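Take a look at the structure set out below.
In this text, all values refer to a predicted model and were calculated from it rather than measured experimentally.
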Amino acid sequence: MTKNSSSINESAKRYAKALVLSAENKDSLIKSFRSDFGKLLSAFNEVENFKEFILLPLVKKQKKKEILIKILSKMNFSTEIISFFKIVANHGKLFLLEKIYKEFGKILDENDGITEVTVTTTEPLEKKFEDDIVKNIGEKLKKKIRLNKLIDPDLIGGIIIKIDSVMIDNSIKTKLLDYNFNERLG
């Protein structure tokens, strides 16, 4: 990871943490923040002109802030979330919207005892197998599990399970690559 991308990720984490701290011990405010931020991110991803406007470096940050405040007000966002985005805009960090939202979600999940588990297979999992994965990993980690399912036909067979930064790769593709590598060395 480059120094710049690390700095960007750290900035996103700081903003997300600040947003959570500003609503500490107020569940209704957290729900409002999550809902409003989700709506903003949907608009960001679905309205091409809005995304271009936010990401365009040629627009001065003061102008971006003014227009964003008008948009957020029209969308009936809470004054607290509008204030948060004023700060983000003042610092010229609106381009971090998606990363801040992702970090915000991670913090909320962590506070709620939820861990994200990604399972990659060659074909869709059967419901019973999904339930078993969620149950077994949840019991071992003593956390609630949010299961993300990915399909990758290149695996040939087997499964890859990723829990936070730990990856268990039991795919045939990896076993074949390991075999080929070991064969060349041996």
May I have the step-by-step check of side chain to side chain contact (heavy atoms under 4.5 Å, CB included) for Ile30 and Leu108, ending in yes or no?
CA-CA 9 Å; Ile30 285 285; Leu108 294 181; 3.8 Å; yes
With side chains defined as the heavy atoms from C-beta onward, is the minimum distance between [X] and [Y] less than 4.5 Å?
{"X": "Lys13", "Y": "Glu10", "answer": "yes"}
{"X": "Phe129", "Y": "Val134", "answer": "no"}
{"X": "Lys31", "Y": "Ser35", "answer": "no"}

Could you grab the distance from atom [atom1] of [X] to atom [atom2] of [Y], nearest 0.5 Å is fine?
{"X": "Ser11", "Y": "Ile100", "atom1": "OG", "atom2": "CD1", "result": "8.5 Å"}
{"X": "Ile145", "Y": "Asn148", "atom1": "CD1", "atom2": "CG", "result": "11.0 Å"}
{"X": "Lys102", "Y": "Ile107", "atom1": "NZ", "atom2": "CD1", "result": "13.0 Å"}
{"X": "Thr120", "Y": "Ile160", "atom1": "OG1", "atom2": "CD1", "result": "5.0 Å"}
{"X": "Glu103", "Y": "Lys106", "atom1": "CD", "atom2": "NZ", "result": "4.5 Å"}
{"X": "Glu80", "Y": "Leu19", "atom1": "CD", "atom2": "CG", "result": "10.5 Å"}

Would you sort out whether Asp131 and Lys135 count as a salt bridge (charged side-chain N to carboxylate O under 4.0 Å, His left out), showing the intermediate values?
CA-CA 6 Å; Asp131 295 342; Lys135 181 180 174 225; over 6 Å; no
Check the surroundings of atom [atom1] in [X]: do more than 12 heavy atoms from other residues, nucleotides or ligands lie under 6.0 Å from it?
{"X": "Glu123", "atom1": "CD", "result": "no"}
{"X": "Glu126", "atom1": "CD", "result": "no"}
{"X": "Lys51", "atom1": "NZ", "result": "yes"}

What closest approach, in Å, do [X] and [Y] show between heavy atoms, and which atom pair accounts for it?
{"X": "Leu56", "Y": "Lys64", "value": "O-NZ, 2.8 Å"}
{"X": "Lys143", "Y": "Thr115", "value": "CD-OG1, 2.8 Å"}
{"X": "Thr122", "Y": "Pro153", "value": "CG2-O, 4.2 Å"}
{"X": "Thr121", "Y": "Ile159", "value": "CG2-CG1, 3.8 Å"}
{"X": "Lys173", "Y": "Asp154", "value": "CD-O, 3.3 Å"}
{"X": "Ser73", "Y": "Ile82", "value": "OG-CD1, 3.8 Å"}

Could you see if [X] belongs to whatever hydrophobic cluster contains [Y]? Use Ile, Leu, Val, Met, Phe, Trp, Tyr and a side-chain cutoff under 4.5 Å.
{"X": "Ile67", "Y": "Met75", "answer": "yes"}
{"X": "Leu41", "Y": "Ile54", "answer": "yes"}
{"X": "Phe95", "Y": "Leu97", "answer": "yes"}
{"X": "Leu96", "Y": "Leu55", "answer": "yes"}
{"X": "Val47", "Y": "Ile71", "answer": "yes"}

So Val119 and Leu150, side chain to side chain contact (heavy atoms under 4.5 Å, CB included) or not? Walk me through it.
CA-CA 6 Å; Val119 175; Leu150 301 175; over 6 Å; no
Can you find a side-chain donor-acceptor pair between Lys61 and Asn90 that sits under 3.5 Å?
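No - no donor-acceptor pair under 3.5 Å links their side chains.
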As a quick check of understanding, evaluate salt bridge (charged side-chain N to carboxylate O under 4.0 Å, His left out) for Lys128 and Asp132, giving each step before the final call.
CA-CA 6 Å; Lys128 183 181 177 352; Asp132 288 346; 3.3 Å; yes
Tyr101 and ring pair (Phe, Tyr, Trp, His ring centres under 6.0 Å): which partner among Phe44, Phe37, Phe84, Tyr15?
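So, applying the ring pair (Phe, Tyr, Trp, His ring centres under 6.0 Å) to Tyr101 and each of Phe44, Phe37, Phe84, Tyr15, only Phe37 qualifies.
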Check against side chain to side chain contact (heavy atoms under 4.5 Å, CB included), Ile133 and Leu125
CA-CA 10 Å; Ile133 289 172; Leu125 294 172; 4.1 Å; yes
Among Glu116, Glu110, Glu130, which residue meets the salt bridge (charged side-chain N to carboxylate O under 4.0 Å, His left out) test with Arg146?
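Filter result, single survivor: Glu116.
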Close aromatic pair by centroid cut-off 6.0 Å: Phe33 and Phe77:
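No, too far apart.
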Set out, in order, the CA-CA distance, both residues' side-chain angles and the distance that settles side chain to side chain contact (heavy atoms under 4.5 Å, CB included) for Asp36 and Ser78, then state yes or no.
CA-CA 8 Å; Asp36 286 351; Ser78 67; 3.6 Å; yes
Does the Asp112 side chain pair with the main chain of Ile114, one donor and one acceptor, at a distance under 3.5 Å?
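Judged by distance alone, no pair lies under 3.5 Å.
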